[in-house]
Amino acid sequence: MSAGLAARPYRAYKVLLVIYAVTFFVALYAPLVTIAVLSFNDSSITGFPFRGFTTRWYASALGNPQLLSAFLNSVLLGIVAAVMATTLALLLAMAFRRDFRMKGAVLNLILAPIVVPGIVGGIILLIFFGYLGMRPSLWSTVLVAHVNWVLPFAFLTLYPRLHGFDSSVEEAAMDLGARRHQVFAYIVFPMIRPAVIATMLFSFSLSFDEFIRTIFVIGFDRTMPIQFWTMIIEELAPELPAMAVMIIVISSVTALIGFALMGKSTRRS
Amino acid sequence: MKRGRLALALLLAPGLLWLMAFVMLPLGFLVVMSFWSSSIFGTVPDFTLSNYRRFFDNPLYTELLLKTLRIGIITTLISAVISYPIAYFISRQSGWRKFALVVLLFLPFWTSYVVRTFVWLPILGRNGAINQALMSIGIIDQPLEWLLYNEGIVYLGLVYVYTLFMTLPIYLSLEKVDPRLIEAAVDLGARPLDIFLRILLPLTWPGILSGGIMVFLLTVSAYVTPQLLGGPSGIMFGNLIAAQYLTGNNWAFGAALSVVLAGVVLLLLLVTGRWVGIQQVFSGGRS
């Protein structure tokens, strides 16, 4: 009886909540959908009205050698940064399975690149390498900036996987005479492989989108977000919506595959 | 035992050396440079407080810092209010529907904030969606110019880009709340407001705090959003710092401003770190 009476206000709340959820998702996606629509607009002014369907902005973005090289730079840099950051993070996460002194301090050090404001994270490398006499470029300063940025996230993704790992399997292998590196190669790594690959994909996505640290140390090279930025600032180029769509698709698809792999590795362990 | 130590050292060494060399050392150098002096001839080693004096003596600079902190606080509050209901809604779903909503929620999280800031230009600009729609139905006959380049739009842009950093930790902390607690409260006649204030809020407070720290941290160091959408009146502290390097050549003053910004963030983490471990902030309150 009392439950029946109480149910009435809750039903109103539930309806309100559903309306809110729909509004929320519409607001979240409407700007992205608008950009996707504009990327096919046959008009050299970025905006409305919609003057007809065309794919020429995609063709002209991909046909522009400067854009293409920025795109390739971002992809290659993302791969290298992801492999380096994931390797460093994996080693650190392995170490974190044991107890050692100053563990808390080491953890704070690992998280430092997220705590430092992004703009400061770029500037410290600009002045540091500047005074070491190193010319800013994609494969020196920018790579360092990206590994710095991605490393803590890679650690935070990998650490829970390794931490929740049942160590009795390893002990059994050691008792049976397996060496440390054999235990890692034949037991630990195969079990965490999906998580390692997922971490690399997340890391790639973070590096591919990185802007604020990169802009201070890029010199004359270009990554996709930097190229995109330059084109907004210099002139509102008609290729921008098409480029935006390509950037969104690449980073979100990589992240989606990462999620799928992560889900798989959770179910296994 | 000794081999175990060696193995541990070998595992820790690469990562720690990297972080010391490329994060801590450059940070230390930033602090040192904030006491140097810059002139048109370059930046030279010195020990002067003039960069800091210049910052604190000029009300334009201190007001900009205060304005940035205000924008940070307001953006954080707006994000919390927007995030809580949607996080709650998703946490009450189940099965494939929940999975789909979670993916939908976090997909934009993985796309560039430069792109997600840029999208407002063709929506709110002269030829933007809003102006064109209003003109085509005849409400206005000239495009509205005030839709862009003001402080209000900076809030919109920041909330749009950073709210998800609030939604994630709130969602994760709501997931941990035992639904039977709420059922029991309902059976005992608690009103929705009571349930929120006396059960949900205390239990999910760590998640709100984690998200709040993250959003505030990101907002006060914003550069892209105010630069693209803010116009002259929407400028924030990050733009002032960037200008010392990208347009001016005042590295020492820029270093002092960077130390001030990093100091504010560090202070916030030290104060709030007493309630939430910082690792919890970044793992979204999972551990």
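In the text below, chain A, chain B and the rest are named by the order of the sequence lines, each starting its count at 1.
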(message) To the nearest 0.5 Å, what is the distance between CZ on A/F208 and OG1 on B/T111?
(response) 11.5 Å
(message) I need the residue from B/I241, B/L105, B/T163, B/L164 with the largest number of non-hydrogen atom pairs under 4.5 Å to chain A.
(response) B/L105
(message) What part of B/F109 gets within 4.5 angstrom of chain A, counting heavy atoms only: side chain, backbone, both, or neither?
(response) neither
(message) A/R97: which residues meet the salt bridge (charged side-chain N to carboxylate O under 4.0 Å, His left out) condition with it, sequence neighbours left out?
(response) A/E170
(message) With a 4.5 angstrom heavy-atom cut-off, is it the side chain or the backbone of B/T43 that approaches chain A, or both, or neither?
(response) both
(request) Considering only heavy atoms and a distance below 4.5 Å, find which of A/T157, A/I248, A/L90, A/V249 pairs most often with chain B. (result) A/I248
(request) Check whether B/L257 gets within reach of chain A through its side chain, its backbone, both or neither, counting any heavy atom under 4.5 Å. (result) neither
(request) Identify which part of A/M84 has an atom lying under 4.5 Å from any heavy atom of chain B, answering side chain, backbone, both or neither. (result) side chain
(request) Please state whether the side chain, the backbone, both or neither of A/A27 comes within less than 4.5 Å of a heavy atom of chain B. (result) backbone
(message) Is it the case that over 12 heavy atoms from other parts of the model lie below 6.0 angstrom from the OH atom of A/Y29?
(response) yes
(request) Check each atom of A/I123 against the heavy atoms of chain B and say whether the ones under 4.5 Å are side chain, backbone, both or neither. (result) side chain
(request) Determine which residues belonging to residues 84-91 of chain B lie within contact range of chain A, meaning some heavy atom pair is under 4.5 Å apart, and list them by number or answer 'none'. (result) B/P85, B/I86, B/Y88, B/F89, B/I90
(request) Can you tell which part of B/R116 gets under 4.5 Å to a heavy atom of chain A, answering side chain, backbone, both or neither? (result) side chain
(request) Find the one option among A/L28, A/V37, A/I233, A/I212 whose heavy-atom pairs under 4.5 Å with chain B are most numerous. (result) A/L28
(message) Checking the side chain of B/Y245 only, and the main-chain atoms of A/I127 only, is there a donor and an acceptor separated by less than 3.5 Å?
(response) no
(request) Under 4.5 Å heavy-atom distance to chain B, tell me which part of A/I250 shows up: side chain, backbone, both or neither. (result) neither
(message) Between A/F24 and chain B, with a heavy-atom cut-off of 4.5 Å, which part of the residue counts as in contact: side chain, backbone, both or neither?
(response) side chain
(message) If I measure from the heavy atoms of chain B, does A/V116 come under 4.5 Å with its side chain, its backbone, both, or neither?
(response) side chain
(message) Report which part of B/L121 has an atom under 4.5 Å of a heavy atom belonging to chain A: side chain, backbone, both, or neither.
(response) side chain
(request) Take atom CZ of B/R92 as the centre, draw a 6.0 Å sphere, and report whether it contains more than 12 heavy atoms from other residues, nucleotides or ligands. (result) yes
(request) Could you look at B/M135 and say if it's the side chain, the backbone, both or neither that has a heavy atom under 4.5 Å from chain A? (result) neither
(message) Using heavy-atom distances under 4.5 Å, tell me whether B/A21 contacts chain A through its side chain, its backbone, both, or neither.
(response) backbone
(request) Can you tell which part of A/L92 gets under 4.5 Å to a heavy atom of chain B, answering side chain, backbone, both or neither? (result) both
(request) Working to the nearest 0.5 Å, report the span between CZ of A/F129 and CZ of B/F29. (result) 12.0 Å
(request) Counting only heavy atoms closer than 4.5 Å, note whether A/V18 contacts chain B via side chain, backbone, both or neither. (result) both
(message) Within the structure provided, determine whether B/I123 and A/P31 are in side-chain contact (heavy-atom separation under 4.5 Å).
(response) yes
(message) Minimum heavy-atom separation for A/L38 and B/P122, please, with both atom names.
(response) CD1-CB, 3.4 Å
(message) Angle between ring planes, B/Y223 versus A/W229, binned at 30° and 60°: parallel, tilted or perpendicular?
(response) tilted
(request) Output the option from B/L30, B/V259, B/V264 having the highest count of non-hydrogen pairs under 4.5 Å with chain A. (result) B/L30
(message) Please classify the contact of A/F50 with chain B as side chain, backbone, both or neither, using a heavy-atom distance under 4.5 Å.
(response) neither
(request) Compare every heavy atom of B/A242 with every heavy atom of A/F216, then report the nearest pair and how far apart it is. (result) CZ-CB, 3.9 Å
(request) Report, as yes or no, whether the 6.0 Å neighbourhood of atom CE on B/M20 holds more than 12 heavy atoms from other residues, nucleotides or ligands. (result) no
(request) Check whether A/Y159 gets within reach of chain B through its side chain, its backbone, both or neither, counting any heavy atom under 4.5 Å. (result) neither
(message) With a 4.5 angstrom heavy-atom cut-off, is it the side chain or the backbone of A/T34 that approaches chain B, or both, or neither?
(response) side chain
(request) Provide the closest heavy-atom pair for B/S112 versus A/D209 in the form atom of the first, atom of the second, distance. (result) N-OD2, 3.1 Å
(message) Given 3.5 Å as the limit, does a donor-acceptor pair link the side chain of A/N148 with the main chain of B/V23, or not?
(response) no
(request) Mind listing the closest non-hydrogen atom pair of A/L125 and B/P26 along with its distance? (result) CD2-CG, 4.1 Å
(request) Could you look at B/V265 and say if it's the side chain, the backbone, both or neither that has a heavy atom under 4.5 Å from chain A? (result) side chain
(message) For B/L17, which atoms come within 4.5 Å of any heavy atom of chain A: side chain, backbone, both, or neither?
(response) neither
(request) Below 4.5 Å from any heavy atom of chain B, which atoms of A/L109 appear? Answer side chain, backbone, both or neither. (result) both
